[in-house]
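Below, all heavy atoms of this structure are taken into account, side chains as well, without hydrogens, waters or symmetry copies.
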Amino acid sequence: MAKENDWSSLITRMNAMSNQFTKTDWKIVNYIKKKAEAFLGCNAQELAKAIGTSDASIIRFTQKVGYSGLNEFKYVLQQQIAKPAAETGTGDYAALLQDNITLLQLLYQTVKPENVDLLRKKMLAAERIFIVGLEINQHVAEILAFKFAKLGLPICAVTNYDVLKVYRKISTPRDLFITISLSGEDELLSETLADFINNGSYIVLFSNHEKSLCAAYTDLLFLIPKTDLLSSSNVICREIILLQLGDMIFQNFLAKDSPSYKTFLKTASYAVPDDEDD
């Protein structure tokens, strides 16, 4: 018997969005996983009765996972169930590729453009910017800090608790802290963020969880897809999705802030066109 996720990238998509689901959403997901054929044969009212929810909840769920409504969702589900294993690409690399594609799609669906714009403006206004990445996240923090330094931003990575403790005492309202914590449940980090907030600093969090210890002390949250329930969860580097989020923010700078773009051309060793040399 095939594994639950083998037949459907739709199941993979829903698993990756698990951090965004309500209890009602989970009831619908579990019904689909256990009774996909039955799901296909029912209308919204019949599904609501079978699952123990409302037809409106069914429709909202299908829209939450990226479809126009129940009909489109059922069409995609039917197509994916009907495909022979050879066509869906059950090889290890094909499954890994599909999981990575799913993660990227979910990231771009989840991250709000207005939040990226807001973060760019906050970063440009900040006197000092710190990217906080502790333990397994320290390399991501260092890469992102180096990347954004090319825009001429006053930025550095904070990768250990001792340094973090120093800024816990001396942070100011002109400081901005971009914090990476997938679980958001680091108690010491959450206490530090509370001090930053009390000092008037602006806090941004990259995390898998909307409700966590760290999220409670956050001005701006970027919720990223979870990899835990993907079929390739043991293979996929979580750093990939964090760096992709960094690329989205970086692209926003290049597209919407001319001084940052010109600085990037210089720091990246590209020649600035003569007609832009003011």
Nearest 0.5 Å, please: how far is CE in Met17 from CG in Leu223? 9.5 Å
Look only at the side chain of Thr218 and the backbone of Leu221, and say whether a donor-acceptor pair between them is shorter than 3.5 Å. no
Ile240: partners by side-chain contact (heavy atoms from CB on, under 4.5 Å), with sequence neighbours left out: Asn100, Cys237
Beyond-backbone contact of Glu46 with Lys49, side-chain heavy atoms, under 4.5 angstrom: no
Stepwise side-chain contact (heavy atoms from CB on, under 4.5 Å) test for Leu104 and Gln244: CA-CA 8 Å; Leu104 288 177; Gln244 185 61 42; 3.4 Å; yes
Taking only residues two or more places apart in sequence, or in another chain, which ones meet Lys256 in a salt bridge (Lys or Arg N to Asp or Glu O under 4.0 Å)? Asp117
Compare every heavy atom of Asn208 with every heavy atom of Pro225, then report the nearest pair and how far apart it is. O-ND2, 3.2 Å
Side chains of Thr192 and Lys165 in contact at under 4.5 Å (non-hydrogen atoms): no
Side chain of Ser207, backbone of Ser181: donor and acceptor closer than 3.5 Å? yes
Which atoms form the tightest heavy-atom contact between Leu107 and Leu245, and what is the distance? CD2-N, 3.9 Å
Checking Asp25 now: which residues fulfil salt bridge (Lys or Arg N to Asp or Glu O under 4.0 Å) with it, not counting sequence neighbours? Lys64
Met123 and Leu176: which non-hydrogen atoms are nearest, and at how many Å? N-CD1, 3.8 Å
Quick check: are there more than 12 heavy atoms from other residues, nucleotides or ligands sitting under 6.0 Å from CD of Glu127? yes
Path from Trp26 to Leu47 over hydrophobic side-chain contacts below 4.5 Å: yes
Examine Leu213 and Leu182 and state if one hydrophobic cluster contains both, with Ile, Leu, Val, Met, Phe, Trp and Tyr joined whenever side-chain heavy atoms are less than 4.5 Å apart. no
Determine the minimum heavy-atom distance between Lys150 and Thr267, stating which atoms define it. O-OG1, 2.7 Å
Heavy-atom nearest pair, Leu77 first then Ala36, reads CD2-O, 4.3 Å
Could you state the interatomic distance from CG (Asp55) to CG (Asn43), rounded to the nearest 0.5 Å? 8.5 Å
With a 4.5 Å limit on heavy-atom distance, are the side chains of Leu265 and Tyr261 in contact? yes
Heavy atoms, side chains only, cut-off 4.5 Å: are Tyr31 and Ile28 in contact? no
Which other residues end up in the same hydrophobic cluster as Phe130, if Ile, Leu, Val, Met, Phe, Trp and Tyr are linked when side-chain heavy atoms come under 4.5 Å apart? Val132, Leu134, Val158, Tyr161, Val163, Leu164, Val166, Tyr167, Ile170, Phe177, Leu188, Leu189, Leu193, Phe196, Ile197, Ile203, Tyr217
Side chain to side chain donor-acceptor pair (under 3.5 Å) partners of Ser260, counting only residues at least two apart: Asp257
Begin from the C-alpha positions of Phe21 and Phe61 and carry the test ring-ring contact (aromatic ring centres under 6.0 Å, His included) through to its verdict. CA-CA 9 Å; Phe21 287 160; Phe61 170 79; 5.5 Å; yes
Sorted by chain and residue number, the side-chain contact (heavy atoms from CB on, under 4.5 Å) partners of Asn137 (sequence neighbours excluded) come out as Ile180, Leu242
For Phe39, what residues pass the ring-ring contact (aromatic ring centres under 6.0 Å, His included) criterion, not counting sequence neighbours? Phe73
Phe148 and Phe250: CA distance, side-chain angles, deciding distance, side-chain contact (heavy atoms from CB on, under 4.5 Å) verdict: CA-CA 7 Å; Phe148 282 96; Phe250 193 84; 3.9 Å; yes
Apply side-chain contact (heavy atoms from CB on, under 4.5 Å) to the pair Asp99 and Leu103, showing each step before the final yes or no. CA-CA 6 Å; Asp99 280 350; Leu103 281 174; 5.7 Å; no
Hey, could you give me the OG/CG distance between Ser212 and Leu205, rounded to the nearest 0.5 Å? 6.0 Å
Please identify each residue that fulfils side-chain contact (heavy atoms from CB on, under 4.5 Å) with Asn234, with sequence neighbours left out. none
Checking Ser57 side chain against Thr53 main chain: does a donor-acceptor pair fall under 3.5 Å? no
If the condition is salt bridge (Lys or Arg N to Asp or Glu O under 4.0 Å), which residues does Lys147 pass it with, not counting sequence neighbours? Asp247
Heavy-atom distance under 4.5 Å between the side chains of Leu153 and Thr263, does that happen here? no
Non-hydrogen side-chain atoms of Phe222 and Asn115 separated by less than 4.5 Å: yes
Min side-chain heavy-atom separation Ile224-Thr110 under 4.5 Å: no
Looking at residues at least two apart in the chain, or sitting in another chain, which of them share a salt bridge (Lys or Arg N to Asp or Glu O under 4.0 Å) with Arg128? Asp175
Could you walk me through whether Leu106 and Gln109 satisfy the side-chain contact (heavy atoms from CB on, under 4.5 Å) test, starting with their C-alpha distance in whole Å, then the side-chain angles of each, then the deciding distance to 0.1 Å, before giving a yes or no? CA-CA 5 Å; Leu106 290 172; Gln109 290 174 6; 3.9 Å; yes
More than 12 foreign heavy atoms under 6.0 Å from OH of Tyr108: is that the case here? yes
For His209 against Ala215, the heavy-atom pair lying closest together: O-CB, 4.3 Å
Let me confirm one number: the CG-CD distance from Leu119 to Glu114, rounded to the nearest 0.5 Å. 13.0 Å
Interatomic spacing from CD in Gln20 to CE in Met14 - rounded to 0.5 Å: 13.5 Å
Leu118 meets the side-chain contact (heavy atoms from CB on, under 4.5 Å) criterion, sequence neighbours left out, with Lys122, Tyr202, Leu220
Hey, could you give me the CD1/NZ distance between Ile32 and Lys27, rounded to the nearest 0.5 Å? 13.5 Å
Counting N and O atoms only, with roles assigned by atom type, does the side chain of Asn199 sit under 3.5 Å from a partner on the main chain of Ser201, one being a donor and the other an acceptor? no
Run the side chain to side chain donor-acceptor pair (under 3.5 Å) test against Glu239 and tell me which residues pass, sequence neighbours left out. none
